[in-house]
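What follows is one structure encoded as structure tokens, with my remarks underneath.
Chain identifiers are assigned alphabetically (A, B, ...) following the order of the sequence lines, protein sequences preceding nucleic acid strands; residue numbering begins at 1 within each chain.
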Amino acid sequence: MPELPEVETIKLGLQKYLVGRKIDKVEVRLSKIVQGDIKNIEGAKIIGIRRFGKGLVIDLDNKNSIAAHIKLTGQFIYRGPETKKIKLSPKVGGGLPNSRTHVIFKLKSQNAKAEEESGTYLYYNDLRQFGWIKIIETSKLNDVSFFRDMGPEPFKDLTLEIFNKIISSSNTSVKPLIMDQKKIGGIGNIYANDALYDAGIDPERKAKSLSEREIKKLYESILKILKFSLKIGGASELNFVNALGEEGKYQNHSLVYGRAGQKCKRCGGIIKKIFLGGRGTYSCSACQK
DNA sequence: TGATATGTTATCTT
DNA sequence: CAAGATAACATATC
């Protein structure tokens with residue numbers, strides 16, 4: 001669900017609508033979601049949005065940041081004058097705020113008059129309440145183990161050379177390895193399955209056993225699949241919606257993920273499902289060696 | 001009704 | 001210590 005392309009999709013949306021606005025007030029409806037003091041962000045201006053793997057960071061002009069992880073079912077949805085007419089996906093769970101809304105950021109900008117009438121808000125929704133929001137000094141982001149321990153990411157510092165080193169030095173099966181956030185940041189179950197299929201590699205292969213050629217192919221497949229998903233707005237398999245409350249389309253294009261028992265798109269064989277590292281793992285045994 | 005799904009962390013076992 | 005399994009978190013959906 002929310003993996004690198006989904007979180008990047010949210011980031012791009014938030015960048016467009018939040019940067020330059022001030023946080024007027026914060027209402028926390030479910031206290032376990034938020035750590036830190038909201039007083040440290042009220043009145044501050046949003047100056048940028050960053051993504052680290054599947055994590056999001058909203059930077060403010062007072063040396064504080066809002067760090068967040070949406071886990072499986074979190075949603076950051078902006079509602080303002082420009083987006084009032086956009087229809088929310090049913091995955092949002094009705095009009096905002098609703099019973100899944102746990103944090104409400106009331107926003108303000110220069111032309112406050114027009115906006116005050118219609119209201120400008122950032123909502124954090126989370127059906128299963130696994131996500132977290134931490135209010136923290138920007139310089140202390142690395143005190144959070146999630147950020148500190150994050151491995152190199154595709155599109156950032158994960159070069160083929162580094163990828164090669166990670167793969168060839170591990171005893172684990174290749175699929176759990178590329179999903180390990182401490183080894184590589186941002187890849188989850190959907191894209192791990194599909195990238196391995198695209199590369200023609202059996203998810204159960206020991207990472208160490210991959211040839212240099214296979215490692216290169218896998219590297220290229222990961223980038224290709226992530227890029228493609230980002231282009232179509234991510235995967236809305238579970239509850240994912242973008243910053244406007246709209247769904248992505250990748251779930252209609254998945255190569256093997258969630259397709260157990262269906263035909264392989266390449267050879268027509270049947271997609272099988274096993275468990276690897278406790279996660280559903282889909283593959284075509286004819287196409288993946 | 002009950003099994004299942006996803007991401008992360010913690011804990012236990014090998 | 002590495003790596004594997006398993007449970008926990010909360011809830012909708014099949």
Out of [options], whichever nucleotide has its closest atom nearest the side chain of [X]:
| X | options | value |
| --- | --- | --- |
| A/N189 | C/dA12, B/dG7, C/dG4 | B/dG7 |
| A/K71 | B/dT8, B/dT9, C/dT11 | B/dT8 |
| A/R100 | C/dG4, C/dA12, B/dT9 | C/dA12 |
| A/Y282 | B/dT6, C/dA12, C/dA3 | B/dT6 |
| A/S170 | C/dG4, C/dA12, C/dA3 | C/dA3 |

Please determine if a side-chain N or O atom of [X] lies less than 4.0 Å away from the OP1 or OP2 oxygen of [N].
| X | N | answer |
| --- | --- | --- |
| A/K54 | B/dT8 | yes |
| A/Q181 | B/dG7 | no |
| A/N171 | C/dA2 | no |
| A/T73 | C/dA10 | no |
| A/K32 | C/dA10 | yes |
| A/H69 | B/dG7 | no |

[X] has an atom [atom1]; how far is it from atom [atom2] of [N], in whole Å?
| X | N | atom1 | atom2 | result |
| --- | --- | --- | --- | --- |
| A/I184 | B/dG7 | CD1 | P | 15 Å |
| A/I166 | C/dA3 | CD1 | P | 13 Å |
| A/D126 | B/dT8 | CG | P | 13 Å |
| A/M179 | C/dG4 | CE | C1' | 15 Å |
| A/R279 | C/dA5 | CZ | P | 12 Å |
| A/Q251 | C/dT13 | CD | P | 15 Å |
| A/L72 | C/dC9 | CG | C1' | 10 Å |
| A/K91 | C/dA12 | NZ | C1' | 11 Å |

Checklist entry - Looking only at atom P, what distance separates B/dT6 and C/dA3, rounded to whole Å? => result 23 Å
Next on the checklist: When the P atoms of B/dT8 and C/dC1 are compared, how many Å lie between them, rounded to an integer?
Outcome noted: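 C/dC1 and B/dT8 have their P atoms separated by 24 Å.
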Checklist entry - Ignoring hydrogens and angles, are the base of B/dT6 and the side chain of A/R128 linked by a donor-acceptor pair under 3.5 Å? => result yes
Checklist entry - Where is the tightest heavy-atom contact between A/E247 and A/Q251, given as atom of each residue plus distance? => result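 Taking every non-hydrogen atom into account, OE1-NE2, 4.3 Å.
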Item to check | A/Q129 or A/S169, whichever maps to the more 5' nucleotide of DNA chain C | outcome: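 So the residue in question is A/S169.
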Item to check | Neighbour count above 12 (heavy atom, 6.0 Å) for A/K265 NZ | outcome: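 Counting other residues, nucleotides and ligands, NZ of A/K265 exceeds 12 neighbours.
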Checklist entry - Just wondering, more than 12 heavy atoms not from A/E212 lying within 6.0 Å of its CD? => result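 Not more than 12 within 6.0 Å, no.
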Checklist entry - For A/G278, which contact category applies under a 4.0 Å heavy-atom criterion: base, sugar-phosphate, or nothing? => result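 Since no nucleic acid heavy atom lies under 4.0 Å of A/G278, the category is nothing.
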Checklist entry - Base, sugar-phosphate alone, or nothing: which one does A/G258 contact when heavy atoms must sit under 4.0 Å apart? => result nothing
Item to check | Stacking check A/F130 vs C/dC9 (5.5 Å / 30 deg) | outcome: yes
Next on the checklist: Between A/D59 and A/S65, is the side chain to side chain donor-acceptor pair (under 3.5 Å) condition met? List the steps.
Outcome noted: CA-CA 4 Å; A/D59 292 309; A/S65 292; 2.6 Å; yes
Checklist outcome for this item: Scanning all shown strands, the Watson-Crick or wobble mate of C/dT11 with both distances under 3.5 Å is B/dA5
Item to check | Lys/Arg-Asp/Glu bridge criterion (N-O < 4.0 Å) met for A/E6, A/K54 | outcome: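 No, this pair does not count.
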Checklist entry - Is there a donor in the side chain of A/R21 and an acceptor in the side chain of A/Y78, or the other way round, less than 3.5 Å apart? => result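 A donor-acceptor contact under 3.5 Å links the two side chains.
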Checklist entry - Looking at A/F52, does the NZ or CZ of A/K156 lie under 6.0 angstrom from its six-membered ring centre and within 45 degrees of the ring axis? => result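 Verdict for A/F52: a cation-pi partner in A/K156.
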